[in-house]
Amino acid sequence: MENLLAGLEMLARWDVMVALLVGSIGGVIIGAIPGVGPAVAIAILLPATFALDPIVGLTMLLGIYGSSMYGGAIPAVLINTPGTAVNALTSYDGYPMTQAGKAHRAVSLAYSASFWGGIFGILCLILLSPVLALVAPMFGSREIFLAALLGIILVILAHRGQIFAAGLLAMFGIFLQTIGLDAVTYTQRFTFGYSFLSSGINLIVVVLGLFALSQAFFLLTAPDESPEAKPVKGRMSAGFRELLKHKRVATVASSFGVLLGMIPGTGEFTAQFMSYTYAQKTSKTPDAFGKGSPEGLIASEAANNAVPAAAMIPLLALGIPGEALTAMMLSVFYVHNVIPGPALFQNNIDLVYGLYFALIALNVIVMVFLLFSTNLLTKIIRVPTRFLGVTILLLSFVGVYSLRNSLTDCMISAGFGVFGLILKRLNLPIVPIILGMVLGGIMEVKLRSALPRLKTPFDLIDRPISFILFVLILLVLALHVRTLVCEWRGRPAAEDHDMHDTQMR
């Protein structure tokens, strides 16, 4: 009870409330503008949050992270253009409803399902916190090393069809974090005689380049567009009544979001598709999916909004981010010398509960804001894409320069911006690079810490949790190899069947 009161007291601070309002409402606006997205916004704001208290900076970033998917549903439903990448599945059923003259119904359902999923995820996180407090101290250096290794493997394997490229990019991220002066041996690593590399490659410089600057370059090189969305008439609260008719779908979809949000490398996309598939298979009208099914819309929005709270579980308990956005938040912890992991629940439990209450408050704030401002957001959608590109470009360079007042950082970030643009043009993933840098650093530190106590390689897995993690790594790899073998065996038969059909024609 004392911890709950401490968390509420922390949330009641005026600066935390301002950060929460700015992050929540700003996240909705950013999500509603196609071409920006939460990763770009968080990357730009990240340098500014370093000067704030941890709870203030994290609350602002959490506000953007948790609310952007609310806003992203608006253009997905109204103009078939997802505001954020994770709202793509929302357009499958949302836009057909708009075409049928039911835009109000689609938007209100999307809001209601998002709120359901968000609150469900937070409640699960709060209920799991006592378990985390008990389990987290059992994780030593070797356990966290294996957990980080499992995280990198899952991130790579999550990119189906691009596993080789994702693996190379993750290894590139691991390499980037080794550049600079070794803090243990005080030797130069991969600096090649350049003094500006002695301090290493800053994570935020890379994040701003790969996410913000690459998106600015992408928007500036693409044709200028001003999407048009018609105003929506009707009460936005009407969706709650219809949601209750499909509460089973909403609850199962939210559960998928929680379970997959806790697993590094999976996140919203996997949760969405699994919940959407479940909803379609168990629906009485499966043929309506993709043509304006309310169940499909609910499954998509409830799943992706349950993920942000669940993604905080490995971050808070083990200090291991599962995606790029939580990796950015991890840097805020580090700057303020607040280390996520086992000690966080023992020494800073008030901060943990403050974040829980902030997540609940942001969902309420966003829902109230959307009930009265949907038509205002439809006007914001019309912002020209090249104007967005110029704005992102300027804000990104200001953010990079403010880190260390270094033009070298600006040039490095611009280089990563060009590299990120190339990856986008080739449809290759960017996230493995960031997670490679973050998880690679964690792995190196924890392995070095564990090595003096290891006499043989088998000592790495001689404790229960480390052994379980090792078995999980082997199991994940074995299942992936099995999937590849099954696909390889099935492909010749499919090719023979296609050839036979061609000959028959």
Any salt bridge linking Arg13 with Asp53? Criterion: basic side-chain nitrogen under 4.0 Å from a carboxylate oxygen. yes
Distance in Å, Leu61 CG paired with Leu46 CG, rounded so as to fall on 0.5 Å steps: 6.0 Å
Met312 vs Leu315 side-chain heavy atoms within contact, under 4.5 Å: yes
For the residue pair Ser199 and Leu181, establish whether any side-chain heavy-atom pair is separated by less than 4.5 Å. no
Within the side chain of Ser67, is there an N or O that forms a donor-acceptor pair under 3.5 Å with the backbone of Ser24? yes
Take Gln215 and Ser396 through the side chain to side chain contact (heavy atoms under 4.5 Å, CB included) test and state the conclusion after the steps. CA-CA 10 Å; Gln215 186 64 18; Ser396 300; over 6 Å; no
Could you tell me which non-hydrogen atom of Trp116 sits nearest to which non-hydrogen atom of Ser254, and how far apart they are? CD1-OG, 3.4 Å
How are the rings of Phe172 and Phe416 set to each other: parallel, tilted or perpendicular (split at 30° and 60°)? tilted
Leu439 side chain near Leu149 side chain, heavy-atom distance below 4.5 Å: no
Is the backbone of Asn427 close enough, under 3.5 Å, to the side chain of Gln162 for a donor and an acceptor to pair up by distance? yes
Is a donor on one side and an acceptor on the other found under 3.5 Å between the side chain of Glu143 and the backbone of Gly140? yes
Go through the side-chain N and O atoms of Ser198 and Thr191 and say whether any donor and acceptor fall under 3.5 Å apart. no
Step by step, work out the side chain to side chain contact (heavy atoms under 4.5 Å, CB included) result for Arg453 and Ser141. CA-CA 10 Å; Arg453 296 184 293 275; Ser141 296; 3.9 Å; yes
Counting heavy atoms not belonging to Phe470, are there more than 12 under 6.0 Å from its CZ? no
Looking only at heavy atoms, which two atoms of Leu297 and Ala110 are closest? And how far apart? CD2-N, 4.2 Å
Just how far is it from atom CD1 of Ile163 to atom CG of Leu168, taken to the nearest 0.5 Å? 12.0 Å
What closest approach, in Å, do Ile30 and Ala41 show between heavy atoms, and which atom pair accounts for it? CD1-CB, 3.3 Å
Aromatic ring pairing Phe192/Phe190, orientation class (parallel under 30°, perpendicular over 60°, tilted between): tilted
Of all the heavy-atom pairs spanning Ser466 and Leu146, show the shortest one and how long it is. O-CD1, 3.4 Å
Would you call Leu213 and Phe397 a side-chain contact if the rule is heavy atoms closer than 4.5 Å? yes
If we only count heavy atoms from C-beta on, is the Ile179 to Arg189 side-chain gap below 4.5 Å? no
Look up atom CD1 in Ile430 and atom OG in Ser214, then write down how far apart they are to the nearest 0.5 Å. 4.5 Å
Regarding Glu295 and Lys247, does a basic nitrogen lie under 4.0 Å from an acidic carboxylate oxygen? no
Could you tell me if the side chain of Val438 sits less than 4.5 Å from the side chain of Gln177, heavy atoms only? no
Side chain to side chain, Ile412 and Val206, heavy atoms closer than 4.5 Å: no
Value rounded to 0.5 Å, distance of CG in Leu169 from CD1 in Ile433: 4.5 Å
If you define the side chain from C-beta out and look only at heavy atoms, does anything of Arg425 sit under 4.5 Å from Phe218? yes
How long is the span from the CG atom in Leu454 to the CZ atom in Arg142, to the nearest 0.5 Å? 5.0 Å
Ignoring hydrogens, what is the shortest heavy-atom contact between Leu243 and Ala250? Give both atom names and the distance. CD1-CB, 3.9 Å
Is a side-chain N or O of Asp409 found less than 3.5 angstrom from the main chain of Ser406, in a donor-acceptor match? no
Please state whether the rings of Phe357 and Tyr353 are parallel, tilted or perpendicular, taking 30° and 60° as the class boundaries. tilted
Donor-acceptor under 3.5 Å (Ser114 side chain, Asn305 main chain): no
The residue among Ile152, Leu157, Leu150 that forms side-chain contact (heavy atoms from CB on, under 4.5 Å) with Leu154 is Leu150
Evaluate the side chain to side chain contact (heavy atoms under 4.5 Å, CB included) criterion for residues Asp462 and Phe467: first the C-alpha distance (whole Å), next the side-chain angles of each, then the deciding distance (0.1 Å), finally the verdict. CA-CA 6 Å; Asp462 65 350; Phe467 181 75; over 6 Å; no
Give the minimum heavy-atom separation between Ala216 and Ile392, together with the two atoms involved. CB-CG2, 3.9 Å
To the closest 0.5 Å, what do you measure between CE (Met60) and CG (Leu45)? 6.5 Å
Between Arg248 and Thr282, does a side chain to side chain contact (heavy atoms under 4.5 Å, CB included) hold up when you go through it step by step? CA-CA 10 Å; Arg248 175 186 56 82; Thr282 58; 3.3 Å; yes
